[in-house]
Amino acid sequence: MPELPEVETVRRGLAPLMEGHVIATADIRRPDLRWPLPPDMAQRLTGQRVLGLRRRSKYILADLSGGETVLIHLGMSGRMLIAPGAGDGQILGDYVHAHAAPQTHDHIVLTMDTGARVTFNDPRRFGMWDMFPTAGTHPLLEGIGPEPFGNAFSDVWLAKRLAGRRTPIKAALLDQANVAGLGNIYVCEVLFRAGIHPARLAGDLDGGQVARLVPLIRDVLAEAIEAGGSSLRDYRQADGELGYFQHAFRVYGREGAPCATPGCTGTISRIVQSGRSSFFCAACQR
DNA sequence: CCGCGGGCCTGCGCGC
DNA sequence: TGCGCGCAGGCCCGCG
């Protein structure tokens, strides 16, 4: 799924259709995704005004007028398909679909009072939807580390989190407790820019390397958000166009390609760490 | 406590 | 053409 930039892109795409509008109907088309859905979710959604859409890590949070918040995770293959309603005019976001009968893997369909329709489609069903009191918290959100663009994410924080860790830096940056929102693609891209081999042990990085990671993480994520989120085959914009940032990947999915570093004659390698592919240049990542 | 591997699902592209 | 295999952007959980 989607990593932080893609989730943020979806949030921005949903906001004009949902914020300030009432959920007229909620069609829950199966009892579970990765986890069971609240059995009374349809009733709890129906008639609620969406006060705002937030993002925390890779979760979208929809605050409802009745005091509950909807927690949404897109998993690996989740998509939000959008059909605009009356008065929505030109929709800013992507993923605009015409109204149509539910398709295979359309699991949740929200119809707004404007007639706009938001359909959650997730073939692999690793996605999650749940509800919790807005004033409270949710177990899935506890333990998530600082947002990468927030002040709490700093070289001091990261150094403290990585100190003494005998796990590869690749795994440490994928750990949402250390920094929220990075996934396999963007960790590969960050480590490439940092010149750090993905198998290096997190606790072995020196202070300068850790400090440089912080702005590089922000750069990579900001560039991807700017590009509208990358979209791979599970994450296609509705008109079939692919996102831009994927064309800016320097290592991810580029095994065998020449390294993009000026003057470097290396080629991109792929290794498997904890069952996940890591792409890197062995010549300039140490 | 920490690190690793399995499991959850479906779909797609590849090699035979 | 058909089939089996490996692979896919995430995350929780149990094991050692």
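Keep in mind that this is a model prediction, so the values were computed, not measured. Here is the naming used below: chain letters follow the sequence lines, and residue numbers restart at 1 for every chain.
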Margin query: Set out, in order, the CA-CA distance, both residues' side-chain angles and the distance that settles side-chain contact (heavy atoms from CB on, under 4.5 Å) for A:F120 and A:D106, then state yes or no.
Written below: CA-CA 6 Å; A:F120 178 70; A:D106 284 355; over 6 Å; no
Under 4.0 Å: is that the gap between some side-chain N or O of [X] and OP1 or OP2 of [N]?
{"X": "A:K58", "N": "C:dG9", "answer": "no"}
{"X": "A:R276", "N": "B:dG5", "answer": "no"}
{"X": "A:Y252", "N": "C:dG9", "answer": "yes"}
{"X": "A:S277", "N": "C:dA8", "answer": "yes"}
{"X": "A:S77", "N": "C:dG9", "answer": "no"}

Please name all residues satisfying side-chain contact (heavy atoms from CB on, under 4.5 Å) with [X], sequence neighbours left out, ordered by chain then number.
{"X": "A:T137", "result": "A:L141, A:E142"}
{"X": "A:A211", "result": "A:D155"}
{"X": "A:A283", "result": "A:C264, A:C281"}

Check: Heavy atoms under 4.0 Å, any strand shown: does A:L140 hit a base, just sugar-phosphate, or nothing?
Finding: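 If one applies the 4.0 Å heavy-atom cut-off, A:L140 turns out to touch the sugar-phosphate alone, with no base involved.
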Next item on the list: For A:G275, answer base if it contacts any base atom (sugar-phosphate contacts may also be present), sugar-phosphate if it contacts only those atoms, and nothing otherwise; contact means non-hydrogen atoms under 4.0 Å.
Entry: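 Contact class for A:G275: none.
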Notebook entry, point to check: Reading DNA chain C 5' to 3', what string of ( ), [ ], | and . shows its pairs, if Watson-Crick and G-U wobble pairs count only when both distances fall under 3.5 Å?
Noted result: .|||||||.|||||||
Gap between atoms [atom1] and [atom2], on [X] and [N] respectively (whole Å):
{"X": "A:M76", "N": "C:dG6", "atom1": "CE", "atom2": "C1'", "result": "13 Å"}
{"X": "A:L4", "N": "C:dC11", "atom1": "CG", "atom2": "P", "result": "11 Å"}
{"X": "A:Y59", "N": "C:dG10", "atom1": "OH", "atom2": "P", "result": "12 Å"}
{"X": "A:L74", "N": "C:dA8", "atom1": "CG", "atom2": "C1'", "result": "16 Å"}
{"X": "A:Q176", "N": "C:dG9", "atom1": "CD", "atom2": "P", "result": "14 Å"}
{"X": "A:R165", "N": "B:dC1", "atom1": "CZ", "atom2": "P", "result": "13 Å"}
{"X": "A:R254", "N": "C:dC7", "atom1": "CZ", "atom2": "P", "result": "20 Å"}
{"X": "A:F249", "N": "C:dG9", "atom1": "CZ", "atom2": "P", "result": "10 Å"}

Below 3.5 Å between N/O atoms, which protein atoms pair up with nucleotides 6-10 of chain B? Just atom names and distances, please.
residue, atom, partner, partner atom, Å
B:dG7, N2, A:R34, NH2, 3.0
B:dC9, O3', A:R125, NH2, 3.3
B:dC9, O2, A:R124, NE, 3.0
B:dT10, OP1, A:R125, NH2, 3.0
B:dT10, O4', A:P123, O, 3.3
B:dT10, O3', A:H105, NE2, 3.1

Next item on the list: Can you sort out the partners of A:R55 under salt bridge (charged side-chain N to carboxylate O under 4.0 Å, His left out), two or more places apart, ordered by chain and number?
Entry: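 Only A:E8, A:E147 meet the salt bridge (charged side-chain N to carboxylate O under 4.0 Å, His left out) criterion with A:R55.
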Next item on the list: Using the side chain to side chain contact (heavy atoms under 4.5 Å, CB included) rule, pick out the option among A:L61, A:D130, A:L45 that qualifies with A:V70.
Entry: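 Output: one option passes, namely A:L45.
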Notebook entry, point to check: Just one of A:I196, A:L174, A:V190, A:L201 clears the side chain to side chain contact (heavy atoms under 4.5 Å, CB included) bar with A:I169, so which one?
Noted result: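 Going through the options one by one, the only one that passes is A:I196.
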Next item on the list: Considering only atom P, compute the distance from C:dG9 to B:dG3 and round it to an integer number of Å.
Entry: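 Each nucleotide's P atom is 22 Å from the other's.
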Item checked: With A:F192 via ring pair (Phe, Tyr, Trp, His ring centres under 6.0 Å) - residues at least two apart ->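 Listed in chain order: nothing, the list is empty.
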Notebook entry, point to check: Which one, C:dG9, C:dC12, B:dG3, comes nearest to the side chain of A:I185?
Noted result: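 From the listed options, C:dG9 comes nearest.
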Check: Quick one: salt bridge (charged side-chain N to carboxylate O under 4.0 Å, His left out) pairs with a partner in residues 263-286 of chain A, sequence neighbours left out?
Finding: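 Residue pairs passing salt bridge (charged side-chain N to carboxylate O under 4.0 Å, His left out), neighbours aside: A:E255-A:R270.
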Next item on the list: For residues 61-77 of chain A, pull every pair meeting salt bridge (charged side-chain N to carboxylate O under 4.0 Å, His left out), keeping only residues two or more places apart or in separate chains.
Entry: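 Passing the test, one end in residues 61-77 of chain A: A:R44-A:E68, A:R54-A:D63.
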